[in-house]
Number of protein chains: 2
Amino acid sequence: MSSSPRDTRTLILEAARRLFERPGADPVRLVDVAREAGISRQAVYLHFDSRARLLLALVRYVDDVHTLETQVGTAVAGHGGAEALRRFIRVWGGYVRHIDGIAYAMHHLAHTDAEAAAAWNERMQTFRKLCRGFATALEEDEQLAVGWTVDSAADLLWSMLSIRTWRELVHERRWSKARYVEHMTRAVERTFVRPPRKDPS
Amino acid sequence: MSSSPRDTRTLILEAARRLFERPGADPVRLVDVAREAGISRQAVYLHFDSRARLLLALVRYVDDVHTLETQVGTAVAGHGGAEALRRFIRVWGGYVRHIDGIAYAMHHLAHTDAEAAAAWNERMQTFRKLCRGFATALEEDEQLAVGWTVDSAADLLWSMLSIRTWRELVHERRWSKARYVEHMTRAVERTFVRPPRKDPS
DNA sequence: GCCGTCACTTGACACTGCGTCAAGTGACGG
DNA sequence: CCGTCACTTGACGCAGTGTCAAGTGACGGC
C-alpha cells in the first residue's frame with residue numbers, strides 16, 4: 001500500500017518517512033529528504049515553509065499511515081483502568097519505532113527553533129492527556145495505588161512511557177519490543193495499580 | 001567559596017557553569033561563555049579544543065565542585081539494597097539541577113559531533129554501572145522483586161533515574177525536588193523492591 | 001633597561017545547514 | 001500558440017563552530 005504517491009507533497013513525506021525510520025541514522029537534512037524524493041532541495045520549500053513544518057506534517061502523516069488513534073482506540077475500548085493501560089503499552093511498544101526518529105529530530109530542533117518547540121510541546125501535551133486518561137480510569141475503578149493523585153500519576157506515567165524512555169531502552173539498551181512491553185508493563189502496574197485485596201469490602 | 005579562580009581555564013569553567021545552571025536559558029554559545037568570562041571567544045580555544053571538550057571538562061568540574069561522588073558515597077555507605085537506593089534518590093534529586101543544562105547541551109551536540117557522542121555515552125555508561133550496583137545490592141539482599149534480572153532492572157532504573165526523566169518532571173511538569181524524590185522513590189520501590197513477607201521462611 | 005615569551009586580542013575566513021531569491025525550463029491545458 | 005505552474009539551477013544571507021594571522025602588552029630573566 002501507499003507505493004504510488006500522487007502529489008509531490010506526499011512524495012516528500014514518504015521520502016522523509018523512509019529516512020527517519022532508519023534507526024540510528026545520521027541526522028536527516030533537508031537535502032537528504034530532497035534527494036530521496038528525487039527533487040531539488042528548493043522544491044521542498046514549495047511544499048513546506050520550514051524544517052519544523054515538515055517535521056510536524058511528517059509526524060501527523062506517519063500517525064495517519066499507521067492509524068495510531070485507531071489502534072489505541074480499539075485496544076483500549078471497553079476495558080477498565082489497569083487492563084486498558086496494559087493494552088495501551090502493548091500497542092505503544094510496537095508503534096514508537098515509527099515516530100522515534102521524527103520525534104528526536106523535532107526535539108533537537110526545538111532547542112533553537114520556536115516553531116518546533118511549540119509543535120513538540122503540543123505533542124507532549126496530547127500524550128500527557130492520554131496518560132492522564134489512564135490515571136483517571138484507574139482512580140475511577142479504585143485501582144490507583146496509594147500515594148498518587150491523578151495528576152502526579154499522569155506525570156510520571158507520561159515520563160515512563162515517553163518516546164525518550166522507549167528510545168533509551170530499545171535503542172541504547174537494545175531491548176526488544178517484547179522485552180520493553182513486558183518490563184514496562186510490570187513497572188507501570190507495580191507503580192500505579194493497587195494490588196487486588198484478598199478480602200474485598 | 002570559589003570566588004577568585006586563579007587561572008583562565010577555571011575562569012572559563014566558572015563562567016560556563018553559571019550560564020548552564022540558569023534553568024530554561026537559551027542555548028549557551030561559546031561567545032556567551034567568553035563574554036561571561038570577560039575574555040574573547042578565541043581565547044576559549046586556547047584552553048579547550050572544541051565545544052565538546054569544554055562541555056566534558058565542565059561536567060567533570062561541576063561534579064567536582066559539588067562533590068558528587070562524596071555525597072553519593074556517604075549517603076549509600078553501610079546500607080542494604082533498598083535503603084541505599086532510597087538514599088541515592090534523595091541525593092540525586094538534589095544534585096541533577098547542577099548538571100542538567102550541561103547534560104542537555106552535551107546530548108544535543110552528540111547528535112552531530114562524534115566527540116560529544118563519545119563523552120555522552122561514557123557518562124551514561126558510568127551512570128548505568130551505578131544503577132547496576134543498586135540492582136546487584138538488591139539481589140544480594142534478596143530484595144529484588146520477581147520478574148527482574150540484575151541487568152533488566154539496571155536498565156530500567158537507569159532510565160527512570162536519568163537526567164532526562166528528572167528534567168521532564170522537574171522542568172516541564174514543574175515538580176519540586178521534594179515531589180520528585182517522594183514520587184520517584186515510591187515508583188522505584190514498588191517496581192524493583194520485593195515486598196517484605198509477613199511470614200519469613 | 002631591554003628582550004623574549006606567552007597569554008590574550010582583533011579581525012578575517014572556511015564550513016555546514018537552513019532559508020530566500022531570481023532567472024530559467026519544460027510540460028500541460030485552453 | 002501562449003500562459004501557467006511546478007520545478008530547476010545557482011546564488012546569497014545568516015548563525016555558530018573552528019582556524020588562522022597579525023598584533024599588543026605584561027612579566028621575568030639577563
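Per chain, numbering begins at 1; letters A, B, ... match sequence-line order. Worth knowing before you read on, the calculation uses all heavy atoms, side chains too, and leaves out hydrogens, waters and symmetry mates.
Separating the CG atom of L30(A) from the P atom of dC18(C) is a distance of 5 Å, rounded to the nearest angstrom. In this structure, CZ of R41(B) is placed 11 Å from C1' of dG11(C), rounded to the nearest angstrom. Rounding to whole angstrom units, OH of residue Y45(A) and P of dC18(C) are separated by 6 Å. Taking atom CG of L109(A) as the reference point, atom C1' of dC18(C) lies 10 Å away to the nearest angstrom. In this structure, CZ of R29(A) is placed 8 Å from P of dC18(C), rounded to the nearest angstrom.
R87(B) has a carboxylate O that lies under 4.0 Å from a charged side-chain N of E83(B), or vice versa, which qualifies the two as a salt bridge.
Relative ring orientation between W120(B) and H107(B) is described as parallel, the plane-to-plane angle staying below 30° on a 0-90° scale split at 30° and 60°. Between W166(B) and H171(B), the ring planes are perpendicular. Angles over 60° get that label, and only those under 30° would be called parallel. Taking the six-membered ring where tryptophan is involved, the planes of W148(B) and H183(A) are tilted, since the angle between them lies from 30° to 60°. Classification of the H111(B)-Y104(A) ring pair by plane angle, with boundaries at 30° and 60°, yields perpendicular. Taking the six-membered ring for Trp and thresholds of 30 and 60 degrees, F88(A) and F134(A) have ring planes inclined between 30 and 60 degrees apart.
Residue contacts for S50(A): at a heavy-atom cut-off of 4.0 Å it reaches the sugar-phosphate backbone alone, with no base atom in range.
Shown here are the salt bridge (charged side-chain N to carboxylate O under 4.0 Å, His left out) partners of E115(B), two or more places apart in sequence or in another chain: R53(B).
Remark: the D155(A) side chain and the S152(A) side chain contain no N/O donor-acceptor pair separated by less than 3.5 Å.
Using a 4.0 Å cutoff to heavy atoms of chain A, the contacted part of DNA chain D runs 5' to 3' from dC7(D) to dA11(D).
Inter-axis angle, ends of the helix from dG1(C)-dC30(D) to dG30(C)-dC1(D), five pairs per end, rounded to 10 degrees: 20°.
Each of R9(B) and Q42(B) has a nearest nucleotide on DNA chain C; the 5'-most of these lies closest to R9(B).
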